[in-house]
Amino acid sequence: MTRMEERYNFRETEQKWQTYWNENETFKVENVSDKPKCYVLEMFPYPSGRIHMGHVRNYTLGDVIARFRRAQGFNVLHPMGWDSFGLPAENAAIENKVHPAKWTRENIKTMKAQFQPMGLSIDWSREISTCEPEYYKHEQKMFLDFLKAGLAYRKTSMVNWDPVENTVLANEQVVDGCGWRSGAPVERKELAQWFLKITDYADDLLEALQTLEDWPDRVRTMQTNWIGKSEGARIWFDLIGRDDKLEVYTTRPDTLYGASFCAISINHPLAKELMDGNDDLAAFVAKCNAIGTSEAAIETAEKLGFLTPYKVKHPFIDGVELPVYIANFVLMEYGTGAVFACPAHDQRDMDFARKYGLPIKAVVAPKDADAATFAAELEAGNEAFSGDGIAINSDFLNGLGVTEAKHAAIEKLKALGVGEGTVQFRIRDWGVSRQRYWGCPIPVIHCPSCGAVPVPEQDLPVTLPEDVTFDKPGNPLDHHPTWKHVTCPCCGAKAQRETDTFDTFFESSWYFARFCDADNDTTGFDPKAADYWLPVDQYIGGIEHAVMHLLYARFFTRALNTCGSISVKEPFKGLFTQGMVCHETYKDEDGSWLYPGDVDKQGDKAVLIENGSPVTIGRSEKMSKSKKNTVDPGKIIESYGADAARLFMLSDSPPDRDLEWTESGIDGSWRYIQRLWRLAAQPKFDFLSQADTADGFDGEAEATMKLAHATINAVTDDLAKLRFNTAVAKLRELTNQIADMKGEAKGSAAAYRFGLETLLQLIVPMTPHIAEEIWHAIGNTTPLVDTPWPQAEDKWLINDTVTLVVQVNGKKRGSIDVAADAATADIEAMALALPAVQNQLGDRAPKKVIVVPKRIVNIVG
RNA sequence: GCCCCUGUGGCGGAACUGGUAGACGCGGCAGACUCAAAAUCUGUUUUCUUCGGAAGUGGGAGUUCGAGUCUCCCCGGGGGCACCA
């Protein structure tokens, strides 16, 4: 063995093993193997320029799983790439006059160099960058396939329009009704946009959530809510004096007998019809629009109604006519943009009815209530009743429960030809057009006579022009002198390219398939490669992607499946959402944010290092540039090493909870790394030359052997369940056990060595560098990274004697050591003989003695 | 308003299907080594205590031989959704 330095030099060691892994292509994988496959993927980063602690946590978690599975004998795919289209690149272009491509590629280079010292087990041969034509040309082909399959279409819809920047903004880019950069009030504008038919898969996307057992319930709930399936009925009310009908959607057809009016959206065609020359209505619409769409505005918004001259016939009751209002609470985007209102059983309708003096009629009463009394109280009050109950005052529905009454009402509507049962979804088709330069061009040509014509496949890719300017607002593709001017592929006439680009969620909707076959130049990936690797076994990322990215990717995979490009439907079998990395916040006397590095903490107080002026310590929040509570991963790795940083990311906090970054925490991890080193470099006794198991094990040696084997099982289980914090705790316990050994028992040296080697084998996924270094230093020649995961031996897991706690009336009074197979009667006798038990019982005889084998004895006195 | 998560020492957090509450770490305290400091090591660290014990997992009830864990009600913290008919 090599002589070990007294102190561990992490800089040298970490560099050494990283170089070894790179040169040996240790983590490069093939798409064929006789081992079972395991695909571990972390959400790929946006190349913003610098890695942050969130990245470190994310990629450490994934790396531990990847290394663990690799050791367990899986063929592990653990790739990395760059989600490199997006707005920040264009902002940089505008602010710093640098081309988005240059900015992005330089950032990738920087960030890749920052990832390198983390020691991640990544197959870099599969690296991808989504802004390169080699990547995005495939998604242009996919889009053409979607068009053919009827999964993509163009329609005019309302969008958030920034009048200063002349571009569409995503909902997230609208802050308090204003553009996030320009600060100008956002306008609603109708614009022709490309959509993908995610709604075709609404039911499947919802149903399949139940099969995703390895997803957090939270995410499944959020997607369920987002898809928003509701079952109800469409009803066609006869408009009196007109030929047409008013179509409404309701989830409560059982309350039709309580209907008192209908209400339509201000954007409903009937409302628009009335708008011509009607100043009162125009004023009303203006008033509604002025309320705004912010949460607070809606919360306090008054119910506003405008009575139209229209009336509709009640579908069930002859001769009853209902007035039609235009109301601010009815949304054109949901259902049919029209509702019938039953004030007694809907709070919103109740508020509206009270305000405008409309009738209120109770038609459902709780099971146990006296119907007449209940109805009278309900109709006199201001509180609607929306609970379950029995139909009353409802003719043929009377006596039915809500569910049965809904069915009966729908049957009757169908029989009368005035309605039908229907399912309504909240989710809407995915608008993918963006008036942006730094995205994938939408491969379509607009011809005055042929319309929107797909770019012929042989003309792909449609690449972004390099020579663009950002000196005026709007889309540089639109301003480009020549790029958009082309001829129609159909008729040869002068035509224009589509100048919109795809939403950048497009790229992240299939990158996991690209990693399976990253060099494929024909279809983006070979279906066979995707079949082999997909679905991703463990996907890891932030909860912020619970709906958007994760839903788009699930849809996209289904769409590719429909087009025959892929055989799976669900891209991610297991999903793990990690918590945020947080840090205390600091402010100076003027209330400006301060960097932790500028602050000197002394107990509960803090001062500015520069001049000693007082600093206010704020609550711990997600690390963010704006609050300056960030810690640079590069500096941390530089001063503590990657292993210490990785270990800290895994210790203490469960990975799905927020992690509080502290100096003392990273110090603690660093101390552990040093301690681990001393275990081998400065042992209390010579465990290497004396290691001999011929005489068996005794005392501390036996205890170490037992703990080592128990730890193998415990840590294996913890890692499989992603309970890294408890795995670390158990490894520390084993470390303590080994460190406490004195070398005096039979087999001490052998047990010490076995314990240490076990520890290294179990900790190598977390702290790969030091584990590998010690492994070799104590004489192993096969790299630890290629050593199979340890297996616990049964003989060390069995205990001859067990300690039983003895309770009297549920309170602990002592304990007894008994043989594992001791008879119940003997155990009882021993427990009762304990002085502490005698004291408690006094003269009384025990009423009952409960013996739970290998656990507890409870004496009831 | 609806839905979800969460509440355990000074702090982060352990506690498998109900069975020794506080593993492991951070911080603190005391001591050793040192001229001194750092590092390291040893001990101690839920609270109260008449040193026998007693209380204790946000609060209150319940089920049980036994509850941090299960049930019901209430309170606090965090997050998501929402004029969704």
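None of these values were measured; they are calculated from a predicted model.
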For nucleotides 43-49 of chain B, tabulate all protein N/O to nucleotide N/O atom pairs closer than 3.5 Å, reporting atom names and distance.
none

Check the interface with nucleotides 26-31 of chain B: list each N/O to N/O pair with the protein under 3.5 Å, or write none.
| from | atom 1 | to | atom 2 | distance (Å) |
| --- | --- | --- | --- | --- |
| B/C26 | OP1 | A/R671 | NH2 | 2.8 |
| B/C26 | O2' | A/S664 | OG | 3.1 |
| B/G27 | OP2 | A/R671 | NH2 | 3.3 |

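Nucleotides B/C26 and B/C41 place their P atoms 10 Å apart, quoted to the nearest Å. Distance noted for atom P between B/U8 and B/G68: 15 Å (whole Å).
Within residues 851-859 of chain A, the residues approaching RNA chain B are A/V852, A/R855, A/I856, A/N858, by heavy-atom distance under 4.0 Å.
Ring centroid separation for the pair A/F685 and A/Y752 comes in under the 6.0 Å cut-off. Taking the six-membered ring for Trp and the full ring otherwise, the centers of A/Y257 and A/F316 sit less than 6.0 Å from each other.
Close to B/A85, at under 4.0 Å from its OP1 or OP2, lies no side-chain N or O of A/Y249. Put simply, A/R678 has no side-chain N or O that comes within less than 4.0 Å of OP1 or OP2 on B/A39. For the OP1/OP2 pair of B/U6 and a distance below 4.0 Å, the side-chain nitrogens and oxygens of A/R657 include no atom meeting the criterion.
Put simply, CE on A/M332 is 16 Å from P on B/A85, counting in whole angstrom units.
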How would you summarise protein contacts on nucleotides 51-58 of chain B per nucleotide, using B for base, S for sugar-phosphate only and - for none, with heavy-atom distances below 4.0 Å?
---SS---
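A syn base is found at B/G9: its glycosidic angle is within 90° of 0.
Base pairing analysis places B/U47 opposite B/A54; the two distances defining the Watson-Crick or G-U wobble pair are each below 3.5 Å. Summarising the base pairing, B/C2 is matched to B/G80 through a Watson-Crick or G-U wobble pair whose two defining distances lie under 3.5 Å.
By the salt bridge (Lys or Arg N to Asp or Glu O under 4.0 Å) test, A/K684 is found to be paired with no residue, residues two or more places apart in sequence or in another chain being considered.
Between A/A729 and A/Q674, the residue anchored closer to the 5' end of RNA chain B is A/A729, taking for each the nucleotide with the nearest heavy atom.
A/S651 comes within contact range of no nucleotide atom at all, as no heavy-atom separation falls under 4.0 Å.
The salt bridge (Lys or Arg N to Asp or Glu O under 4.0 Å) analysis of residues 643-666 of chain A, with sequence neighbours excluded, yields the pairs A/D63-A/R646.
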